[in-house]
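Sequence lines set the chain letters: A, B, ... in the order given, protein chains first and strands last, and positions in each chain run from 1.
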Protein chains: 2
Amino acid sequence: MTKELPHHHGNLREALIHAGLQLLAEGGPSALTLRRAAARAGVSHAAPAHHFDGLTGLLTAIAARAYQAFSSQMIRHREAAEPTDVARLVGVCQGYLAFAKEDSGLFHLLFVSSDVAREDAALMQASGLAYQVLRDACLPFSPLGQPDPEIEIAVWSMVHGYALLGLNLPDSPKRMIVQIPEFEVLLKRIIANPVETPLALDRDIS
Amino acid sequence: MTKELPHHHGNLREALIHAGLQLLAEGGPSALTLRRAAARAGVSHAAPAHHFDGLTGLLTAIAARAYQAFSSQMIRHREAAEPTDVARLVGVCQGYLAFAKEDSGLFHLLFVSSDVAREDAALMQASGLAYQVLRDACLPFSPLGQPDPEIEIAVWSMVHGYALLGLNLPDSPKRMIVQIPEFEVLLKRIIANPVETPLALDRDIS
DNA sequence: GGTCTTTACTTGACAGCGTCAAGATACCGG
DNA sequence: CCGGTATCTTGACGCTGTCAAGTAAAGACC
């Protein structure tokens, strides 16, 4: 039987997260407010306070949920790729970019919004899992056979910057004379390059 | 003689931009509101409407101003660098990162805030000039001797992503087991790599 | 020099926002 | 059955951006 919402809504916390995701998908970051989420969940404007620590709490919970979708998107693209190391890493990055483009509201929440409590435990765990997908995809390109932060951060920075520049400057193709290269081409510059470059910097590799 | 502010403030537009920059530097993005900027400029809360198209207009004008400081920061670091092509590009990127770190409020406005009218003519001109600094620094690494969007976008994406990840995840050094490599090391991966890589996607590197 | 128009600013109001305090309601363990 | 507690409602507060109407000053024109 369908749940007749009791006046004790029953599962408000989940309903609010769901409503928030919906609002975010429909109208972007500015469309998600506490009061609107409450209204959509069918409760009064002050009800969310009993389940989340203010707006920040709701946004944080939604972000943790969004990280799962983010990870899934990367994994889905990886699984759909050819079974080579390069294709898998390219796939993960394409998942990254696809999520940024298709779920830009969530992507904004994950990496941009200043109203998210980034020290939240659940959020950090979820983001760690997402980062792990990228790490795993980078592993085959580590010269030492173990995780190499240099490649990981290089790839992560580049895909992240590529996503945000394309996201925040949607007219950049017009503004720039040149055509924007595909990400795969840029990625090759990182992974194809052996680490032997004689870097003149006095850095200790300990 | 000191200007006795006439009831016709005289130069309110400039005063509002100045007040906005001040608020942004003091309390971050959330501290900058139309009413506060108006109060600090010594006018009533509705006065800004005659000089800017709402809050978006003020933020856009401030962003255009901030792009000049951003360009200056990159140029300053470039001039302070050794007179080699590599050092100059590294310098420009360090200027990029220094601006993101030291003037994070402005950086947020330039690349993150959704309340900026990015199609604004003055803003696009200012951002174009900033991008040109990066382009120029990349030019020596173009194999054909003319601007190469592949290198430009690769460098821009990576420095941008590096800045934003470090900016939005201030605790990432703790969260990650590994230490974050210096940006210069990552940069070398892009510029040291000749473009000759056969970019057949279905190639495994093994 | 005295109007008259135009620009610059003020005042007041409105809806929407997050948040707090107090009261009502439904569940739940004894 | 009953009291306690978690849950939700109602109402209010100060803040935000924005609009409408009124006022004051500056400049133009004769």
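Going from atom CG of B:N11 over to atom C1' of C:dC9 covers 15 Å, rounded to whole Å. Per the geometry, CG belonging to B:L12 stands 15 Å off C1' belonging to D:dA24, to the nearest Å. For A:H51 and C:dT19, the NE2 to P distance is 16 Å, given to the nearest whole Å. Here the P atom of nucleotide D:dG17 and the CG atom of B:D53 are 14 Å apart, to the nearest Å. Computed from coordinates, the B:L55 CG to C:dG16 P distance equals 19 Å when rounded to whole Å. In this structure, B:L59 atom CG and D:dT16 atom C1' are separated by 13 Å, rounded to whole Å. The distance between atom CG of A:L34 and atom P of D:dT9, rounded to the nearest whole Å, is 14 Å. Look at CG on B:D115: it is 15 Å from P on D:dT16, rounded to the nearest Å.
Two residues, A:S44 and B:H45, neighbour DNA chain D, and the one matched to the more 5' nucleotide by heavy-atom proximity is A:S44. The residue among A:R35 and A:H50 whose nearest nucleotide of DNA chain D lies closer to the 5′ end is A:H50. Between B:V43 and A:A46, the residue anchored closer to the 5' end of DNA chain C is B:V43, taking for each the nucleotide with the nearest heavy atom.
For the atom pair CD of B:Q73 and CZ of B:R76, the computed distance is 5.0 Å after rounding to the nearest 0.5 Å. To the nearest 0.5 Å, atoms CD (A:E152) and CG (A:D136) are separated by 9.0 Å. Annotation: the span from B:L58 atom CG to B:H51 atom NE2 amounts to 11.5 Å, rounded to 0.5 Å.
Each of C:dC17, D:dT9, D:dT16 was ranked by its minimum atom distance to the side chain of A:R36; first place goes to C:dC17.
Aromatic rings from A:Y162 and A:Y96 are positioned such that their centres are separated by 6.0 Å or more.
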